[in-house]
Amino acid sequence: MSQTVRTRFAPSPTGHLHIGNARTAILNWIIARHAGGQFILRVEDTDQERSTQESEASILKDLQWLGLDWDEGPDTGGNAGPYRQSERMDLYKSHLDQLIESEKVYPCYCTAEELEERRSEQLAKGEATQYNGHCRNLSYVDKQKYEAEGREPAFRFKADTESVTFEDLIRGAVTVPGDQLGDFIIARAGGMPMYNFACVIDDHLMEITQVVRGDDHVSNTPRQILIYQAFGWTPPQFAHIPMILGPDRQRLSKRHGATSVDQYREQGYLSDALVNFLSLLSWSSESGDEILTRERLISEFNFSRLSKSAAVFDTEKLDWMNGMYIRNLDVAELSRLLFPILKDRGYSIDSAKELEPITGLIQEKIERLSDANEKVAVFFKEDVNLNDPEARDVLSLSTSKQVFQSFLDVTDELSELNRETFMPLMKAVQQSSGIKGKELWMPVRVALTGQLHGPDLAGTVEWFGLEKCRKRVTQALEFSK
RNA sequence: GGCGCAUUCGUCUAGUGGUCUAGGACGCCGGCCUCUCACGCCGGUAGCACGGGUUCGACUCCCGUAUGCGCUACCA
């Protein structure tokens, strides 16, 4: 039986899209595209306490930004819908009834307090902490009694098994002894399904062929397999991908700084770079190449090249990669991306087009789009500050004064200053002053920008124009006296 | 505590018993290019967690230890 590959990403809308979840989504998307199958988006909002509409919207937005298009989902629909668990309650209910009917599941009237009490007892005695089966064989009378007390039961799954073994696509055979499982709850009091239950129903009904998720779910998988068996269903294949860790090798969290996709977007990372970088955590191309287009990511994917161990999220390498992507953009495209950011910062520019000359000058100097905010400042400052100690050192050289004087003489009859006329101009200054190299260029740079470091002078000069350049050199000459 | 999983340079990784005096990338250091910074290019630095086996031969296979992570919820 060969069926088309169907993978899914199933976020719970309880916050922003986490970088680890994004990686899971990317992988699922790549696998589906690689196989020419379908990628499904399912919203797991059974935790009513924590799920919000805003979170769902923001997660969808981030996935779109990442360029992960899904074939079926809450907004796009599909044949296996609805794609929001809160809208699938009748499905869970009918399936729960089936299991109650077949006595695979029983009502449990224990309260949270009673459960907690037993738990701490087990812990104190050094036993495995799991449900003791208190309500497993309740008589009709007992049940009536609890009901009369107003207790509403949750539903527990009878976990009777020696052990469960499954073949993980990444880690091979994983075995969990049955006595570790304990009877677990699959539906809360009130009927709201628990993760392990809803997940199985949905994955089966949605005909998911490969469940690819974080390896924090490895221990859940045996429980889910038991549920598949209870229904007589064939489980999908499972692949548990390694976690992403912070620099301290702890699970990546807020403490480590930015952890959500929207934060990276705001900091000026490109989605292509982020997708590329995240793909390379625990996976590598056989070619050894690291800068990979989405097309290559998709065509070269292979489960056997996925590693089993957790990976530390290295921001420095991400920065480098993002810089690579920025440098590979054409100037018009980069300007288009930079425009709203700089505009927002208060720079007076009216269009991306207008920004292009500057973009070309800073493109190789930024790693994140937001870096442009600083780099671009020199082009918009009304006045230069010549008081910087290092600037003063340059200005106070006797050769600098000669350069300035010569510069003013040579430009006196010039009608236009642009990057083409700048080189010949500097040549002329060199000849008339007899000064060359650093002694020639640095004073000009400092006079024009007030800084020792900066973008290409020819381009800078063109942006400033003749008048401003002459004015600043005059000022510098005055200042250096 | 119990169970599961993992362990190659600081970090991401290649490596599936001999081709490994362990390869690449980021970072770092040095050099070249150059008016500066940056880019680019060249070179360098640094690693198989530990202990037992198996084998003619282990980074590669097995066992143990250590360390880390995960699960052990009416969270997902």
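Just so it is clear, the values below take in all heavy atoms, side chains as well, and ignore hydrogens, waters and symmetry mates. Every chain is numbered from 1, with letters handed out A, B, ... down the list of sequences.
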Watson-Crick or G-U wobble partner of [N], both distances under 3.5 Å:
N	result
B/G30	B/C42
B/U11	B/A25
B/C61	B/G53
B/U36	none
B/C69	B/G4

Under a 4.0 Å threshold between the charged nitrogen and the carboxylate oxygen, would [Y] count as salt-bridged to [X]?
X	Y	result
A/R255	A/D248	yes
A/D203	A/R213	no
A/D371	A/R368	yes

Using whole Å, report how far [atom1] of [X] lies from [atom2] of [N].
X	N	atom1	atom2	answer
A/R305	B/G24	CZ	P	16 Å
A/D179	B/G1	CG	P	18 Å
A/E390	B/C37	CD	C1'	12 Å
A/D319	B/U11	CG	C1'	13 Å
A/M321	B/U13	CE	C1'	12 Å
A/K317	B/G27	NZ	P	9 Å
A/E316	B/U13	CD	P	16 Å
A/K308	B/U7	NZ	P	7 Å

Just by distance, no angles: are the side chains of [X] and [Y] close enough, under 3.5 Å, to form a donor-acceptor pair?
X	Y	answer
A/H16	A/S58	yes
A/S432	A/S406	yes
A/Q402	A/S433	no
A/D47	A/Y195	no

Could you tell me whether a side-chain N or O of A/E114 sits under 3.5 Å from a main-chain N or O of A/T111, the two making a donor and an acceptor?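 Yes, A/E114 side chain to A/T111 backbone: donor-acceptor pair under 3.5 Å.
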A/R136 side chain vs A/K158 backbone, donor-acceptor pair below 3.5 Å: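 Flag not set: sc A/R136 to bb A/K158 has no pair under 3.5 Å.
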When the [atom1] atoms of [N] and [M] are considered, how many whole Å apart are they?
N	M	atom1	value
B/U7	B/C12	P	12 Å
B/C9	B/G47	C1'	4 Å
B/A22	B/C48	P	11 Å
B/C63	B/A25	P	36 Å
B/G40	B/U34	C1'	12 Å
B/U55	B/A46	C1'	31 Å
B/C59	B/U36	P	49 Å
B/C39	B/G30	P	15 Å

Any protein N or O atoms within reach of nucleotides 38-41 of chain B? Criterion: under 3.5 Å, listing atom names and distances.
residue: B/A38; atom: O2'; partner: A/E364; partner atom: O; Å: 2.3
residue: B/A38; atom: N3; partner: A/E364; partner atom: OE2; Å: 2.7
residue: B/C39; atom: O3'; partner: A/R327; partner atom: NH1; Å: 3.2
residue: B/G40; atom: OP1; partner: A/R327; partner atom: NH1; Å: 3.0

Pick the closest RNA chain B nucleotide for A/L318 and for A/S307 by heavy atoms, then say which residue is nearer the 5' end.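 Its nucleotide being nearer the 5' end, the pick is A/S307.
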With side chain to side chain contact (heavy atoms under 4.5 Å, CB included) as the test, pick out the partner of A/W283 among A/L278, A/L297, A/I241.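 Among A/L278, A/L297, A/I241, the one that satisfies the side chain to side chain contact (heavy atoms under 4.5 Å, CB included) with A/W283 is A/L297.
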Is it the case that over 12 heavy atoms from other parts of the model lie below 6.0 angstrom from the CD atom of A/E147?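 Count over threshold, so yes.
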With respect to the phosphate group of B/U36, does any side-chain polar atom (N or O) of A/K438 fall under 4.0 Å of OP1 or OP2?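 So the side chain of A/K438 is within the cut-off, an N or O lying under 4.0 Å from OP1 or OP2 of B/U36.
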May I ask you to decide if the ring planes of A/Y109 and A/Y146 are parallel, tilted or perpendicular, using 30° and 60° as cut-offs?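 A/Y109 and A/Y146: parallel rings.
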For A/I291, all residues meeting side-chain contact (heavy atoms from CB on, under 4.5 Å), sequence neighbours excluded: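 Partners of A/I291 by the side-chain contact (heavy atoms from CB on, under 4.5 Å) criterion, ordered by chain and then number, come out as A/N276, A/W320, A/M321, A/M324, A/Y325.
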Suppose we screen for side-chain contact (heavy atoms from CB on, under 4.5 Å). Which residues come up paired with A/A239, at least two apart in sequence or across chains?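 A/A239 satisfies side-chain contact (heavy atoms from CB on, under 4.5 Å) with A/L169, A/I170, A/V212, A/F303 once adjacent residues are dropped.
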Checking all strands, does A/R151 fall into the base, sugar-phosphate, or nothing category for heavy-atom contacts under 4.0 angstrom?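 Touches nothing.
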Sugar-phosphate only, base, or nothing, as touched by A/E290 at under 4.0 Å among non-hydrogen atoms: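 Counting heavy atoms under 4.0 Å across all strands, the contact made by A/E290 includes a base.
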Per-nucleotide protein contact along nucleotides 65-76 of chain B, 5' to 3', at a 4.0 Å heavy-atom cut-off (B base, S sugar-phosphate only, - neither), is ---SSBSSSBBB
Heavy atoms within less than 4.0 Å of RNA chain B: which residues of residues 446-457 of chain A have one? Give them sorted by number.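 Nucleic-acid contacts, sorted: A/L452, A/H453, A/G454, A/D456, A/L457.
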By a strict heavy-atom criterion of less than 4.0 Å, which residues belonging to residues 274-287 of chain A are in contact with RNA chain B?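 Those residues are A/L280, A/L281, A/S282, A/S284.
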Test of ring centre spacing under 6.0 Å for A/F313 and A/F277: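 Under 6.0 Å, so yes.
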Below 3.5 Å, does any donor atom in the side chain of A/R445 face an acceptor in the base of B/C35, or the other way round?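 Present.
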CE-CD distance between A/M442 and A/Q451, expressed to the nearest 0.5 angstrom: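 One gets 10.5 Å once the value is rounded to the nearest 0.5 Å.
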